[in-house]
Amino acid sequence: MALNRKVGFFKGLKYKGGGPMWAWILHRLSGLAMVFFVGSHIIAGFLTQQFGSDVGIAINIVYENWIFQLVLFFLVIFHAVNGLRVTLLDLWPALLEYQRESIWLEWLVIIPLYVLILFTVLKSALGL
Amino acid sequence: MQKITLKLFRYNPETDTKPHYDTFELEAEPTDRVLDLMEKVKGYHDGSLSFRRSCAHGVCGSCAMRINGQNMLACKTLVQDLKTSRITVEPILGLSVLKDMIVDMDPFFDSYKKVMPFFVNDEPKPAQERHQSIEDRERFDDTTKCILCGACTTSCPSFWSNDEYIGPAAIVNAHRFIFDSRDKGAAERLQILNDQFGVYRCRTIFNCTVACPREIQITQAIGEVKKAIATGSLD
Amino acid sequence: MSSRTVAKRGFNLDYMMWLFMRLSALALYTIGLTGLIAAFVMSARTQTDISTLIRWTFFPNPSHIISSDIINLDSWINSFWQVMQMLAVFFGVTHGINGLRIVVEDFIGSNWWRPIWRGFIFILWLFILLVAVYVVLAS
Amino acid sequence: MKKHQFEVVVVGAGGAGLMAGLYASQSASTAVISKLYPARSHTGAAQGGIGAALGNLEEDHPAWHTYDTVKGSDYLGDQDAIEFMCEEAPSIVYELEHMGLPFNRTKEGKIAQRPFGGHTNNETGKPVMRACYAADRTGHMILQTLYQQSIKNNVTFYDEFQVMDLIMTEEGVAGVVALEIATGELHVFHAKSVIFATGGWGRVWEITSNAFAYTGDGVAITLRRGIPAQDMEFFQFHPTGIYKMGILITEGVRGEGGILLNGKGERFMEKEGNAPSVKELASRDVVSRAMYLELKEGNGVNGENYLYLDVTPETVNKYAALDGRTNPDGSPFSVTGEEILGKLPDIIDFCETYLGVNPVTQPMPVQPTAHYAMGGIPTDKFGQVIVDKKRKPLPGLFAVGENACVSVHGANRLGTNSLLDLVVFGKHSGMKAAEYAKEADYIPLPDNPTEFVEQQLETLRNAEGEERISDIGTEMKEVMFEHVGVFRVEDGMAQAVEKIRELKARFKNIKLDDQGKKFNMDLLNAWELSNLLDIAEVTAVSALKRKESRGAHARDDYQERNDKKWMKHTLAWLEDGEVKLDYKDVIFTKFEPKKRVY
Ligand SMILES: Cc1cc2nc3c(=O)[nH]c(=O)nc-3n(C[C@H](O)[C@H](O)[C@H](O)COP(=O)(O)OP(=O)(O)OC[C@H]3O[C@@H](n4cnc5c(N)ncnc54)[C@H](O)[C@@H]3O)c2cc1C
Ligand code: HEM
Ligand code: SF4
Ligand code: F3S
Ligand code: FES
């Protein structure tokens, strides 16, 4: 008997793939999260608008929560910047030579942007 | 000499239902290969330890294993490269384990065989060699280096999640012919790779490139194949 | 170096979607940047907070007006911005739903389930798209 | 037990086996059986090049190639076969190119060539560019190309099947018995023609460039079936193996201008008695011997047992200027670090990986390493096995590649001639085997074809001693490297024979840890060790008896070549555990033996 060849999610996570592998995992998670939230946001809008439904309002309240927003902003920014990296590399394969650089460049863009948002959101959230 | 704790994945299909790990304490030189350590265990501690190996210097592709969590060739990884005295060796992922480090390579070779990994040119052969410029030869040099070790395909998360993905190794070998100016089978190979289990399963994750012991720029090769499919140009 | 080409390959969903994912990503950037710049030009610079800015950037939808700090909305309410909204919805939703399809299909081994999932995701896509268009037009 | 029937069975999927399989399968049903996946075969390790007088860069002729090979063999090679091989060389290299092999190219787009040891312009005596190459991965490309073509032509493979016996009845050859490594099950392959292409046995020695799989299975199997082994005392020690590890640094490095230096920084190859004319590019036996003497005199680097091989541009250019070396167009020869990197990428990678040395800026520590078996199963130039001094063929049995002895390499092989040997004789034995199979009938299998193998395996499995096979193996390797190595003397060799017999006795007293069936590598390694022991014994006895120095067989007590008494091939049989020797004439056509100077 041979062992099953399926690689479960957690088994895969233990592989030491480094920066690009983590970028991909985050990209996937953030993409899925966005589908979920954008989808539910649209539906919430629809429900509120049409029926003044409480469900829609409830969803929107979660949406307006600042902690939730911080998470969402991070995911959006990460997905957008990483997506741009992947797009550029994929459409111009000659750039793939610089993939190591592309990873730290990506974080170089994400971190200041996120700090800025963190600052503004916290400022208004905490009423500073 | 330094002390090494070697933790090995063990699975014997005839007696075990689940794998386990065995740990051995060994003396080793910093310049010893991980393969040397495993030979030592096999020779002096437990002869039933099973793994594939042949050339012992990274050219035959037998000994791809997961060493401290990353795919490498056991014969091309020195103890000093790992920068730790605790070494864990496990079989590569995504192929079924037959015994200890030995995995079933058949699906891997089946994918390889799908991409027409052979030279195609039915035009009449000249009396001497076909000519090719130095630049045209250089164009596909990188991908001729592949030793079919499987380190790349079995490090690819896209392959783990769906093992019907043809995998980077097969694409590398297709690339070797697609960009060979003497070859005439490019269109057919691109057709094969232009499939839902072909190049588009590659999500630019790069584990393959990092794992390749021959330092082939795999992701770039895959990118060039995608581009060739999109544009029809083979430059 | 001799230049070589091969004949174009036929239609292939995976190829189209692969390309679409990248092009829609670039499109979203373009739409987003247009919105952002417009928001700044049209007085958002002094009158709004970050969430509003994001809303206007990605989705200048009048239903967002309710929660907006911008006082003068005249320059936003015209068909140009409605088209931009539609495009944003189309690219965003299609991109996202196709992403969902990719993830789901990564984990489907059998050929039997694949069309069923595809059908389901296609319906989901249509539904969200229609709802979104309705929301845009109705507001 | 499972049975299969094929007209032709090829054992081994290296360069030789694949070429034979490709050709045999064109006209006969053919199976290629290999204990490794074909792409893992040791042909893939070959670096430098394949010899053929294409004359792409300068004047060259197959006749020169023939003479160089005869001279390289120290006149022990059979000249009809050598001539055949060298004449076939250009067309077979073109054939490889037509199969898609990615050779490096010249400016005009032709196959690139480089100089190699012992290959000369017969008129000037200067080195000639004859080795066709693909960087320093020529063997890799040959192996890959042939495997690719086999896939294209739907050749039937049995991967990871270890052949353990040749089935011979009174009537002749009837097939082979193989063990399916994955299951431990025995398979019988009923065949009309059997081709052995199992490669060499460098694992007999301690420092070796050879793979773990190089355990001489083919020769050991045929020895046990009463077929002799020829010229076993001639085993090539390559001058430049990485110190202590034995990993090969191709002769191509010297072809590109690399220089050998001793601990004092002297270029010792130019000394009188070594090779004042072609220096580093003398044949391998000459260079290895010079290195051995240098080390013996205490001229190693830092008092250690190694010398330097230096291919840094400064050194190369300095000595190239001193030698007056020129490019084909007559301009002075010089190289840059980048060119070296382009031509020797793998060597540079090996040195960086295993030594932490970058050859473009630093010299490499090297020592002679066990490398290539000139001897093996005696065959004629169609690969047919011949079983006695009168050259009587054994119908249906073929051997090709490193495990065969045609003999084109005689007492010393020239670099690049092995890859050539593989493809030329692989092709012809494949065709011949198929041709024979078309005419012959299947010889009926004996009642219990697997009996002998089962008995061997049972003995190994049930041995209840206390010896570890790793100890026996290590001791064998040490004694063989010490006494049946680059330099040999009577006493040492006698000791080695003694020791090998002792080890063989101790081998009966082993104990295996693995008692399973699936992937029992423990059992197979033990069986392989028994092969190595048989081969070591035959080698040591053959060497002890040859009282002269010739090619790779260099004796301190008989320093001269003795053509009167020893211009003959050794044939060795293994009968009831005893080695029996006999001798066979060498075939001469054009070239009379001369003293060999480089
Ligand atoms: C490092 C190195 C560099 C070299 N460089 C050069 C060079 O530059 N030029 C040159 O001309 N020569 C060179 N040589 C020599 C040459 O490469 C070899 O002699 C040649 O490749 C041997 O080929 P083969 O086909 O006989 O054997 P291999 O390629 O080794 O094939 C042996 C095959 O037999 C199979 N096998 C073995 N035993 C069994 C069994 N019991 N059952 C089933 N299958 C079995 C193996 O699986 C394998 O497929 C070099 C050799 C080495 C080691
Ligand atoms: C500027 C904005 C965006 C950019 C640049 C972008 C970029 C990308 C790219 C390039 C991919 C392809 C990854 C691959 O195939 O390997 C991708 C995948 C994905 N995107 Fe986006 N995207 C953006 C916005 C969005 C939005 C708004 C959503 C959700 C509604 C979303 C959801 C997804 C999902 C679910 C995937 C699939 C993830 C995967 O395959 O692992 N993206 N994105
Ligand atoms: S591409 Fe690299 S990692 Fe993949 S099989 Fe080939 S050599 Fe191994
Ligand atoms: S790891 Fe996999 S996703 Fe692509 S870049 Fe390599 S094949
Ligand atoms: S043993 Fe050949 S690659 Fe490791």
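First the proteins, then the strands, lettered A, B, ... as listed; each starts at 1.
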* Asked: How long is the gap from CD1 on D/I111 to CZ on B/R130, to the nearest 0.5 Å?
  -> 11.5 Å
* **Separation of B/E39 CD from D/N525 CG (nearest 0.5 Å)** => 7.5 Å
* Could D/D514 and B/K99 be called an ion pair, given the rule that one side-chain N must be under 4.0 Å from one carboxylate O? -> yes
* With a 4.5 Å limit on heavy-atom distance, are the side chains of B/Y112 and D/I151 in contact? -> yes
* Do you know which of D/H140, D/K107, D/H42, D/E108 has the most heavy-atom pairs under 4.5 Å to chain B? -> D/H140
* **Heavy-atom pair count under 4.5 Å with chain B, highest-scoring of D/N210, D/L523, D/D471, D/N520** => D/D471
* Structure fact -> Between B/F140 and D/P102 the two heavy atoms that sit nearest each other are CE1-CB, 3.7 Å
* To do: Check for a donor-acceptor pair, side chain of D/H98 on one end and backbone N or O of B/Q128 on the other, with a separation under 3.5 Å.
  => yes
* Flag this pair as yes if the NZ/CZ of B/R33 is under 6.0 angstrom from the six-membered ring centre of D/Y354 and inside a 45 degree cone about the axis; otherwise no. => yes
* Asked: Is any side-chain heavy atom of B/K42 closer than 4.5 Å to a side-chain heavy atom of D/M521?
  -> yes
* Asked: Measuring from B/L98:CG to D/E160:CD, what's the distance to the nearest 0.5 Å?
  -> 9.0 Å
* Interatomic spacing from OH in D/Y37 to CG in B/L148 - rounded to 0.5 Å -> 11.5 Å
* Test applied, side chain to side chain contact (heavy atoms under 4.5 Å, CB included); reference residue, B/F119; option that passes from D/Q149, D/Q148, D/M99 -> D/Q149
* Asked: If you tally heavy-atom pairs under 4.5 Å against chain B, which of D/L36, D/I247, D/L512 wins?
  -> D/I247
* From D/N104 atom CG to B/E138 atom CD, the distance as rounded to the nearest 0.5 Å -> 8.5 Å
* Which heavy atom in D/Q144 sits nearest to a heavy atom in B/I147, and how many Å separate them? -> NE2-CA, 4.4 Å
* Asked: Distance from D/R468 atom CZ to B/H45 atom NE2, nearest 0.5 Å?
  -> 8.5 Å
